[in-house]
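What follows is one structure encoded as structure tokens, with my remarks underneath.
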Amino acid sequence: MAKNRLPKQSEDFPAWYVEVVKQAGMAEHGLVKGMQIIKPHGYAIWEGMQRALDERFKATGHENLYFPLLFPESLFAAEKDHVEGFAPEVAVVTHGGGEKLEEPLVIRPTSEAVIWSTYATWIQSYRDLPLLYNQWCNVLRWEKRTRLFLRTSEFLWQEGHTAHATSEEAMEEALRMLEVYREVAEDVLAIPVLPGRKSPSERFPGAEETFTIEGLMRDNKALQCGTSHFLGQNFAKAYDVQFLNQQGALEYAWATSWGFSTRMIGALIMTHGDDQGLRLPPALAPVQVAIVPIYRSEEEHALVIEMSSKIRDALAGNGIKVRLDDRDQHRPGFKFGEWELKGVPVRMEIGPRDVEADQVVVARRTGGDKESLPVAGAIAGMAAMLDGIQSDLYDEATALRNANTHEVTDYASFVEGIASESGYWAGAWCGRVECEQKAATDTKATIRVLPVEREDPGAACLVCGRPGVERATWARAY
RNA sequence: CGGGGCGUAGCGCAGCUUGGUUAGCGCGCCUGCUUUGGGAGCAGGAGGCCGGCGGUUCGAAUCCGCCCGCCCCGACCA
């Protein structure tokens with residue numbers, strides 16, 4: 001058995017999380033509170049997410065561009081809800097070139113302000129619409145309490161900002177991008193998510209409607225995994241973005257914005273990781289197959305490396321990301337443990353006995369016994385094996401989520417239930433913020449998601465007993 | 001911002017109560033030999049402004065004061 005150098009998830013999940021992030025080489029703390037250094041293994045996973053998202057953005061007609069990090073403070077103040085929502089988290093540059101600036105500059109916590117003030121100069125006619133743009137960048141939000149990947153003051157993300165001629169078109173766009181996020185979360189990250197709508201109190205500052213995909217982590221806490229906002233005409237009015245429609249009348253443009261961040265690396269870790277370390281879905285794993293050679297003498301070393309190299313090349317030729325771990329300073333057992341910690345989906349062991357028999361030993365990160373396979377079969381079947389691991393991870397996470405999703409009809413069992421067992425708790429809600437707040441106080445849970453299309457729950461509000469108008473899903477959340 | 005904790009080698013820690021030669025231990029690192037199918041063994045070696053400033057004292061990692069930083073819990077949080 002592998003020696004366990006991580007805290008157990010069941011005993012101390014937060015400690016497990018911090019240790020696995022550090023030991024697997026994902027990230028470490030920066031020199032300033034809330035800043036993080038993303039290390040190669042973490043960054044490679046981010047690059048995988050970027051590719052998956054970016055190709056879907058392009059396929060849905062979007063283009064990338066880039067707006068500046070800084071903008072004048074006065075610009076930020078234009079949209080009232082927006083500035084109020086973000087004010088506590090904004091960092092401001094007051095000095096430059098050794099002198100106090102005439103006007104302080106805001107470091108973007110998000111880019112609606114710069115982008116919409118610029119869109120005002122780009123949009124004159126309905127013929128200029130829609131504008132379907134996205135940018136990949138960093139943002140800064142002064143957070144009181146930070147955790148690697150999950151909540152850092154600086155983080156990387158993409159923010160899409162689109163402008164449309166009609167409300168309907170903007171709403172379609174917001175939902176289209178929500179679906180893109182759902183697809184990437186489920187098909188690429190293997191994280192089952194609940195797509196839906198946020199309650200008014202959880203909306204993005206300045207949004208008319210906020211949509212989210214919500215994931216349930218292994219400790220039964222929920223995590224917001226990407227949001228898409230229908231912004232109405234709020235930003236167009238704040239930054240005076242009007243266009244002439246076909247009838248020659250001036251109208252304010254309709255907006256959306258949507259974001260997906262490095263927080264999702266945290267979601268990936270907390271959805272799939274186990275007591276041995278990370279478990280990466282093959283679709284995202286920077287290394288899908290790690291080959292560990294085993295040998296004693298120089299002669300054995302030569303034979304084993306020769307066969308390992310051939311297998312590596314054959315797998316690479318099939319488009320599989322493979323690494324031959326020929327480091328001589330570590331013994332096989334150490335390498336097994338390290339590749340498991342780093343979450344590599346498949347490990348191949350190749351030793352003298354395998355060379356002799358023209359076979360390899362294959363171990364899946366998702367479990368089951370090691371097995372010996374003929375070399376040709378292992379190579380030919382690797383893509384299918386990786387697909388199997390991808391769906392195993394998704395199925396396992398889905399089963400866990402379903403087992404921890406509860407339906408409730410009365411308040412007492414909701415409060416008692418969530419106190420003893422975290423997870424999703426779904427029930428009827430009257431739509432009033434008073435009930436939302438009362439339940440939040442009593443249970444420490446918040447409404448994570450409402451159905452995209454409002455559904456009559458056919459029951460009385462859990463909290464107050466008035467007629468229910470929504471089916472709300474509650475959970476304690478990150 | 002409130003409550004608690006911690007700053008000693010790259011990492012994790014002991015030493016401090018009761019001040020006193022050269023500040024220790026484990027892991028990691030370097031060299032050599034032996035090893036290699038689940039985290040190797042032996043031998044030798046390198047590595048310290050004891051968070052910072054000030055005070056007490058013949059003498060401070062150790063006692064006192066102030067400051068800085070980080071972590072945990074809470075409040076807050078697209």
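Residue numbers start from 1 in every chain, and the chains themselves are labelled A, B, ... in the order their sequence lines are given, proteins ahead of strands.
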Side-chain-base donor-acceptor pair under 3.5 Å for A:K144 and B:G74: no
Taking atom P of B:C27 as reference, at what distance in whole Å does atom CD of A:E19 sit? 18 Å
pair_partner(B:G7), Watson-Crick or wobble, both distances < 3.5 Å, evaluates to B:C68
Across the strands shown, which category fits A:S261 at heavy-atom distances under 4.0 angstrom: base, sugar-phosphate, nothing? base
Atom CZ of A:F334 to atom P of B:G37: distance rounded to whole Å? 14 Å
Heavy atoms under 4.0 Å, any strand shown: does A:F260 hit a base, just sugar-phosphate, or nothing? nothing
Base, sugar-phosphate, or nothing: which does A:F204 touch, judged by heavy atoms less than 4.0 Å apart? sugar-phosphate
Do A:E338 and A:R327 meet the salt-bridge criterion of a basic N to acidic O distance under 4.0 Å? yes
Does A:K370 or A:T210 map to a spot on RNA chain B nearer the 5' end, using the closest nucleotide for each? A:K370
Mind checking if A:K33 touches a base, just sugar-phosphate, or nothing, with heavy atoms under 4.0 Å? sugar-phosphate
Return the value, rounded to whole Å, for the distance between atom CZ of A:R145 and atom C1' of B:G3. 13 Å
Regarding A:P205, tell me which of base, sugar-phosphate or nothing describes its non-hydrogen contacts under 4.0 Å with the strands shown. sugar-phosphate
How far does OG1 of A:T110 sit from NE2 of A:H229, to the nearest 0.5 angstrom? 7.5 Å
Which residue, A:G34 or A:P109, contacts RNA chain B at a nucleotide closer to its 5' end, judged by nearest heavy atom? A:G34
In the strands shown, is B:A14 matched to any nucleotide by a Watson-Crick or G-U wobble pair with both distances under 3.5 Å, and which? none
Could you label the plane-to-plane angle of the A:W254 and A:F230 rings as parallel, tilted or perpendicular, counting under 30° as parallel and over 60° as perpendicular? parallel
Checking all strands, does A:Q224 fall into the base, sugar-phosphate, or nothing category for heavy-atom contacts under 4.0 angstrom? base
Does A:Q135 use its side chain to pair, donor to acceptor, with the backbone of A:F67 at less than 3.5 Å? yes
With heavy atoms under 4.0 Å as the rule, sort A:K444 into base, sugar-phosphate or nothing. nothing
If we ignore hydrogens and angles and just use 3.5 Å, is the side chain of A:T210 paired with the main-chain N or O of A:K198 as donor and acceptor? no
For A:R176, is there an ion pair with A:E179 - N to carboxylate O distance below 4.0 angstrom? no
With sugar-phosphate meaning primed atoms plus P, OP1 and OP2, does A:V139 contact a base, only sugar-phosphate, or nothing at under 4.0 Å between heavy atoms? nothing
Base, sugar-phosphate alone, or nothing: which one does A:R347 contact when heavy atoms must sit under 4.0 Å apart? base
Quick one, A:R365 and A:Q276 - any side-chain contact, counting heavy atoms below 4.5 Å? yes
Whole angstrom is fine here: how far is it from CD in A:E143 over to C1' in B:C1? 15 Å
Which one is paired to B:U57, where only Watson-Crick or G-U wobble pairs with both distances under 3.5 angstrom count? none
Using a heavy-atom cut-off of under 4.0 Å over every strand shown, decide if A:E338 touches base, sugar-phosphate, or nothing. base
Starting from the C-alpha separation in whole Å, work towards a yes-or-no answer on salt bridge (Lys or Arg N to Asp or Glu O under 4.0 Å) for A:R218 and A:E396. CA-CA 11 Å; A:R218 283 196 149 208; A:E396 206 179 305; 3.1 Å; yes
Nucleotide opposite B:C49 in a Watson-Crick or G-U pair, distances under 3.5 Å: none
Which base, if any, makes a Watson-Crick or G-U wobble pair with B:G28, both distances under 3.5 Å? none
Using atom names, set out every protein N or O paired with an N or O of nucleotides 5-9 of chain B below 3.5 Å, distance rounded to 0.1 Å.
none

